[in-house]
Amino acid sequence: MTTRAIALTSAAAAALLLGACASQSGGLSTAMSPTGETGSVGRTTTAAETVNRLPSPGSYQLTSDDLSLDCKKLTGRMAVRIVQIRDYQSRDQATMLARGIQTAWKPANGGRGEGSDPGGRYAHDRAQLEAYNQRLAEKNCANFDLSAELDPSAKDPPRTRPLKKS
């Protein structure tokens, strides 16, 4: 290896290690007083939030805004999200090296690292769809057959199931 190749390899390894350290800062905290001074009195805040600000993959808690949406808006949001994530299983994914470099680079340069965990993002979006679909059912609105609509072979626009008349 040439000196240049060794230097580039070392720099890439250092960036990956720094990214790994930055993404594990969730357990770090500093004690702060209400005025912002560091000390033993006051509230505890996390030192840094990096990489991903999404809730844990596979969970979604409806917000007050979500709860106030009518059937038409919920259905519209779901249709858009279904089309966005429908091909996730068949889409080419970034390599681990590319995601590692992105994880290291984004926080170091002021970014939030969005996109560095596509599996987590998919799980979050899927959980959001499940929660919205449940909300549609609670409101007695037509809802979606998510397993059929999220099938990568589905090419038609998402359609709701007809309401059962009682």
Side-chain angles (χ1 to χ4, degrees), residues 11-28 45-166:
L16 286 173
L17 289 172
L18 286 173
C21 291
S23 69
Q24 298 302 318
S25 65
L28 300 177
T45 59
T46 58
E49 288 184 23
T50 60
V51 181
N52 199 341
R53 293 177 187 224
L54 295 173
S56 62
S59 66
Y60 185 80
Q61 186 69 31
L62 291 172
T63 64
S64 58
D65 290 337
D66 293 337
L67 292 170
S68 67
L69 294 173
D70 62 9
C71 295
K72 186 176 180 179
K73 287 195 181 202
L74 275 171
T75 302
R77 287 186 181 189
M78 286 188 69
V80 170
R81 186 60 44 96
I82 287 169
V83 171
Q84 289 174 337
I85 69 171
R86 182 182 277 167
D87 67 342
Y88 173 78
Q89 303 297 336
S90 61
R91 189 180 319 145
D92 288 335
Q93 300 297 321
T95 64
M96 289 299 290
L97 176 63
R99 282 189 265 165
I101 290 170
Q102 184 180 21
T103 299
W105 187 258
K106 287 278 191 166
N109 292 299
R112 295 190 319 218
E114 292 169 343
S116 60
D117 183 15
R121 181 64 196 203
Y122 173 79
H124 175 265
D125 289 345
R126 178 68 193 243
Q128 183 182 41
L129 285 172
E130 297 283 349
Y132 279 9
N133 211 36
Q134 179 64 36
R135 182 68 178 151
L136 284 172
E138 290 169 3
K139 293 176 72 103
N140 293 321
C141 304
N143 57 18
F144 293 90
D145 178 2
L146 289 178
S147 57
E149 294 298 339
L150 290 173
D151 185 348
S153 64
K155 300 297 179 206
D156 294 329
R159 300 278 182 227
T160 57
R161 295 185 275 208
L163 279 176
K164 294 179 182 176
K165 306 227 176 179
S166 24

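Only this structure's heavy atoms are used, side chains among them; waters, hydrogens and symmetry mates stay out.
Listed by first then second residue, pairs satisfying salt bridge (charged side-chain N to carboxylate O under 4.0 Å, His left out) with a partner in residues 122-143 read Arg81-Asp125, Arg121-Asp125, Arg126-Glu130, Arg135-Glu138, not counting sequence neighbours. Pairs engaging residues 143-155 under the side chain to side chain donor-acceptor pair (under 3.5 Å) rule: Arg86-Glu149, Asn143-Arg161, Asp145-Ser147, Asp151-Ser153 [sequence neighbours left out].
Between Ile85 and Leu129, some side-chain heavy-atom pair lies under the 4.5 Å cut-off. With contacts defined as side-chain heavy-atom distances shorter than 4.5 Å, the pair Pro158/Val83 qualifies.
The line from CG of Leu146 to CD1 of Ile82 is 5.5 Å long, rounded to the nearest 0.5 Å. Here the CG-CG distance, from Leu67 to Leu62, works out to 5.0 Å after rounding to the nearest 0.5 Å.
Residues that satisfy the side-chain contact (heavy atoms from CB on, under 4.5 Å) test with Asp65, not counting sequence neighbours, are Thr63. A search for ring-ring contact (aromatic ring centres under 6.0 Å, His included) contacts involving Phe144 returns nothing, not counting sequence neighbours. The side chain to side chain donor-acceptor pair (under 3.5 Å) check on Tyr132 picks up Asp66, Gln128, with sequence neighbours excluded.
The minimum heavy-atom distance linking Tyr88 with Gly119 is given by the pair OH-CA, 3.2 Å. Closest approach of Ala154 and Ala148 over heavy atoms only: CB-O, 3.9 Å.
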